[in-house]
There are 2 protein chains.
Amino acid sequence: MAGIKHLVMAKFKEGAAVEQLLLDMKKLALELDIIKSFEWGEDVMKNDKYSHGFTHTFIFMFDSAEDVAAYIKHPRHVEYGKKFRAGTEKILAVDFPTVIDKIATA
Amino acid sequence: MAGIKHLVMAKFKEGAAVEQLLLDMKKLALELDIIKSFEWGEDVMKNDKYSHGFTHTFIFMFDSAEDVAAYIKHPRHVEYGKKFRAGTEKILAVDFPTVIDKIATA
């Protein structure tokens, strides 16, 4: 699907309620129709030289940059964002229109 | 598609041959059957506070962690990696089995 990806990476604080934050992020993604797809995962390479300490990657897909902007300002996102930031040591985020050069056929 | 994502982010050096590096990466992704899908994009948010200076994101999908390991050691990847590293100021990379919680239906 063509669209714009909102990619977030996190390094959680020691003792953060990671499971709850992950559950609440999933709820948020499922509840907001503006989010077209959501996938995430935890790094298994665990090489700080490459990961820069980030352990989790979250990829949200939107139809347009306008939809990403609307999501960022959405009260549900603002509310969740406060809890997310409180639980993280550092966050990375980029938005990019996705260029699909090769698609899985199986 | 279930699988493992190999995600790479780059901040290119001033004067790096970015277009050529992007073209060669696409060629690599198309040539190697072990790479099941490949997509990439350039950050449009352009907020260093969040991007940590990374401008480009590349997402490769593999069937398994073993396939990622085979790719990393593949002569074509090793060869490309030298050029890529020479052109970048910093690189981020993580590998994560992807959890798909919401799939685009349109």
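It should be emphasised that the depicted structure is a prediction, and the values quoted were computed from it without experimental measurement. In what follows, chains carry the letters A, B, and so on, assigned in the order in which the sequence lines appear, proteins first and then strands, with residues in each chain numbered from 1.
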Has D95(A) got a side-chain atom pairing as donor or acceptor with D43(B)'s backbone, closer than 3.5 angstrom? no
Counting distance only, does the side-chain N/O of H52(B) pair as donor-acceptor with the main-chain N or O of I91(A) below 3.5 Å? yes
Side-chain heavy atoms of Y50(A) within contact of L92(B), under 4.5 Å: no
What are the two closest heavy atoms between S37(B) and A104(A), and how far apart are they? CB-N, 3.7 Å
Give, for atom CG of D101(A) and atom CG of L28(B), the distance between the pair rounded to the nearest 0.5 Å. 12.0 Å
Engaged part of F60(A) at the chain B interface, taking heavy atoms whose separation is under 4.5 Å: neither
Under 4.5 Å from any heavy atom of chain B - which part of K5(A): side chain
Report the C-alpha separation of V94(B) and S51(A) in whole Å, then their side-chain angles, then the decisive distance to 0.1 Å, and conclude whether the side-chain contact (heavy atoms from CB on, under 4.5 Å) test is met. CA-CA 6 Å; V94(B) 289; S51(A) 71; 3.8 Å; yes
When rounded to the nearest 0.5 Å, the distance separating CZ of F96(A) from CZ of F58(B) is 10.0 Å
Mind ranking H6(B), M45(B), M9(B) by heavy-atom pairs under 4.5 Å with chain A and telling me who comes out on top? M45(B)
Mind listing the side-chain donor-acceptor pairs of residues 69-81 of chain B below 3.5 Å, one per line with the distance, residues two or more places apart or on another chain?
unit_1	atom_1	unit_2	atom_2	d
H74(B)	ND1	R76(B)	N	3.0
R76(B)	NE	E31(B)	OE1	3.1
R76(B)	NH2	E31(B)	OE1	2.8
H77(B)	ND1	I72(B)	O	3.0
Y80(B)	OH	L21(B)	O	2.6

Is there a side-chain contact between V44(A) and P97(B) (heavy atoms, below 4.5 Å)? yes
Just by modelled atom types, is the E39(A) backbone N or O under 3.5 Å from a matching donor or acceptor in the K102(B) side chain? no
Ranking N47(B), I35(B), V8(B) by heavy-atom pairs under 4.5 Å to chain A gives rank one to I35(B)
Matching residue for T57(B) among I59(A), L7(A), T98(A) - test: side chain to side chain contact (heavy atoms under 4.5 Å, CB included): L7(A)
